[in-house]
Amino acid sequence: MTQTINNNQNGNINSKADISAIEAAEEIKLNDLAPEQQLELEKLKLDLDMASDADKEADEVTKTPPRRLVIVDGGKGGVGKSMWTRGFLQTCIDEKRRIVAVDADNSNPDLLRYYGENGEHCQIQQLNIFKDGSIDRFFDQIKRMMEPEPDTYNQLPPPESLFLLELPPQSRQIFKRFIEQEFLETAANDYDIRVTMVVVISRVSDSVKQLIDLYSFCGNKVDYIVVRNLFYGEESEFSRYSNSSIVQEIKQELLKAGIPLFDITMPNLLEYAYDYLDEKSLSFSEGIKQKELPGVKMRVKSWLKNFKQQICPVKHLLGLESINVEIF
């Protein structure tokens with residue numbers, strides 16, 4: 001036998017052999033080694049495997065997800081903003097993705113009504129956007145949640161990295177003034193957080209105008225997701241959006257700047273099932289688990305599965321690394 005593996009005088013493998021020596025040793029058949037050599041080699045390989053696994057676990061613990069603030073636009077009411085927001089929140093809960101959701105619609109706080117204030121992976125807060133200075137305080141609160149201090153027991157809470165803010169209808173002008181005060185620049189430079197604007201549209205031209213107006217003051221400082229709500233018709237029926245020359249120009253400008261604009265759809269939930277969830281104040285998950293109306297369970301389960309499939313292409317923008325579309 002011409003290959004050696006750093007045996008000492010007792011015929012044992014040197015426990016401090018480097019990686020190259022171990023790789024060379026792997027080329028030797030264990031049958032060619034003495035029993036005590038085989039045992040020592042197996043022990044060393046096991047130690048190396050355990051060390052590698054420990055390093056991987058440490059990397060997972062220390063890895064911090066990219067910070068993302070998802071804002072559901074509050075320009076026009078009645079287009080399905082709350083429906084999309086609830087679907088996204090349910091997706092995060094199902095994926096066990098930590099998220100802080102902020103319900104700024106004080107007249108109709110759907111998130112609080114359907115999901116309560118706290119869960120294992122989410123917390124829901126309220127924000128009165130119409131009160132002067134409230135957005136500023138919310139913005140500062142985000143900073144504290146991203147970089148938390150030890151609690152009264154000297155335990156460090158897990159840092160938050162994903163935030164969801166649903167703006168109420170008729171809040172566009174307030175939000176615009178806040179943007180003009182360099183909110184987005186501060187978010188990027190001081191908070192290291194990227195903003196994604198979600199615009200839910202119907203087939204009417206006013207919905208398209210809302211997107212155009214939003215772009216006029218957000219520009220290429222945010223990412224965009226345009227959601228066509230199929231409650232209002234099939235994809236092909238959103239001609240006012242798809243045929244708008246101004247929208248096409250916006251897409252070209254964003255493309256040149258390397259800023260994403262994604263077109264996705266939101267499936268239509270049968271009105272009968274929607275009304276049942278609304279009457280009982282049930283989340284989508286609770287609608288699937290309830291046994292009173294199997295037909296509603298089937299409809300909600302199918303809707304949520306389709307919803308998750310639709311947001312798969314934009315999961316990175318939404319702060320989700322993976323989306324499991326199976327629902328049990």
Side-chain angles (χ1 to χ4, degrees), residues 70-91 110 166-167 169 172 196-216 218-220 222-278 284 287-288 295-296 298-318 320 323-327:
V70 180
I71 301 179
V72 184
D73 179 53
K76 183 176 176 60
V79 293
K81 297 187 299 83
S82 295
M83 189 74 166
W84 192 92
T85 304
R86 287 159 52 197
F88 177 61
L89 180 60
Q90 184 67 63
T91 300
D110 276 349
E166 180 188 356
L167 297 175
R172 169 63 62 80
T196 297
M197 294 299 307
V198 178
V199 184
V200 184
I201 65 172
S202 65
R203 292 188 297 138
V204 301
S205 58
D206 195 37
S207 289
V208 180
K209 293 178 181 177
Q210 295 291 330
L211 171 62
I212 296 172
D213 180 57
L214 182 70
Y215 178 77
S216 70
C218 285
N220 60 11
V222 301
D223 305 321
Y224 295 87
I225 299 174
V226 178
V227 182
R228 286 167 287 171
N229 187 354
L230 298 187
F231 172 80
Y232 295 101
E234 299 298 324
E235 290 186 56
S236 59
E237 297 178 16
F238 286 76
S239 57
R240 290 182 177 86
Y241 169 72
S242 57
N243 295 336
S244 170
S245 59
I246 300 179
V247 170
Q248 296 305 317
E249 290 175 6
I250 290 174
K251 289 183 176 182
Q252 289 299 318
E253 291 175 4
L254 291 174
L255 181 63
K256 291 179 181 178
I259 305 299
L261 186 153
F262 283 92
D263 286 317
I264 64 175
T265 62
M266 179 169 64
N268 177 30
L269 179 61
L270 188 70
E271 189 174 3
Y272 169 68
Y274 177 89
D275 289 343
Y276 179 80
L277 297 182
D278 183 65
F284 294 120
I288 294 172
V296 170
M298 175 188 67
R299 290 289 183 174
V300 175
K301 184 176 182 179
S302 176
W303 183 91
L304 188 56
K305 180 178 180 179
N306 289 335
F307 180 91
K308 292 181 179 181
Q309 289 174 334
Q310 291 302 316
I311 66 174
C312 271
V314 294
K315 61 186 181 182
H316 176 70
L317 290 185
L318 299 174
L320 292 170
I323 296 177
N324 179 12
V325 297
E326 295 298 326
I327 304 171

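Position 1 is the first residue of the sequence; numbering continues from there.
Rounding to the nearest 0.5 Å gives a distance of 13.5 Å between OH of Tyr232 and CD of Glu237. With values rounded to the nearest 0.5 angstrom, Lys209 atom NZ is found 14.0 Å from Ile201 atom CD1. Distance CG/Leu270 to CG/Asn268: 7.5 Å, rounded to 0.5 Å. Distance CG/Leu255 to CD/Gln248: 11.5 Å, rounded to 0.5 Å.
Looking at heavy atoms from C-beta onward, Ile225 lies in side-chain contact with Leu318 at the 4.5 angstrom threshold. At a threshold of 4.5 Å between non-hydrogen side-chain atoms, the residues Ser202 and Asn229 do not count as touching. Side-chain contact check for Trp303 versus Tyr274: every heavy-atom pair is 4.5 Å or farther apart. Using a 4.5 Å heavy-atom threshold, the side chains of Tyr276 and Val300 count as separate. In this structure the side chain of Thr265 never reaches within 4.5 angstrom of the side chain of Phe238, judged on heavy atoms. Taking 4.5 Å as the limit, some side-chain heavy atom of Met83 sits within range of a side-chain heavy atom of Leu269.
No donor-acceptor pair closer than 3.5 Å links the side chain of Asn220 to the backbone N or O of Ile259. Distance alone, capped at 3.5 Å, is enough to place a donor-acceptor pair between the Arg240 side chain and the Arg203 backbone. Here the side chain of Thr91 pairs no donor or acceptor atom with the backbone of Lys308 at under 3.5 angstrom. When atom types are taken as modelled, the side chain of Glu166 and the backbone of Asp73 share no donor-acceptor pair closer than 3.5 angstrom.
Closest approach of Val200 and Lys81 over heavy atoms only: CG2-CA, 4.1 Å. Gln310 and Pro267 make their closest contact through CG-CD, 4.4 Å (heavy atoms, listed as atom of the first residue, atom of the second, distance). Taking both residues in full, the closest heavy atoms of Asp110 and Ser82 are given as OD2-CB, 3.3 Å, listed atom of the first, atom of the second, then distance. For the pair Arg228 and Tyr241, the tightest heavy-atom approach, listed with the atom from each and the gap, is CD-CD2, 4.3 Å. Closest heavy-atom contact between Leu304 and Gly87: CD1-O, 4.4 Å. Taking every heavy atom of both residues into account, Ile311 and Ile264 meet most closely at CG2-CD1, 4.1 Å.
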Side chain to side chain contact (heavy atoms under 4.5 Å, CB included) evaluation trace for Lys251 with Asp263: CA-CA 11 Å; Lys251 289 183 176 182; Asp263 286 317; 2.7 Å; yes
Trace of the side chain to side chain contact (heavy atoms under 4.5 Å, CB included) decision for Leu214 with Arg172: CA-CA 8 Å; Leu214 182 70; Arg172 169 63 62 80; 4.0 Å; yes
Chi angles and distances behind the side chain to side chain contact (heavy atoms under 4.5 Å, CB included) call for Phe88, Leu320: CA-CA 10 Å; Phe88 177 61; Leu320 292 170; 3.9 Å; yes
Derivation and outcome, side chain to side chain contact (heavy atoms under 4.5 Å, CB included), residues Gln90 and Phe307: CA-CA 10 Å; Gln90 184 67 63; Phe307 180 91; over 6 Å; no
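Within a 6.0 Å sphere centred on CZ of Phe262, other residues, nucleotides and ligands contribute more than 12 heavy atoms. For Arg299, the CZ atom counts as loosely surrounded, since its 6.0 Å shell holds 12 or fewer non-hydrogen atoms of other residues, nucleotides or ligands.
Remark: Ser244 pairs with Val208, Ile212, Ile246, Val247 by the side chain to side chain contact (heavy atoms under 4.5 Å, CB included) rule, at least two apart or across chains.
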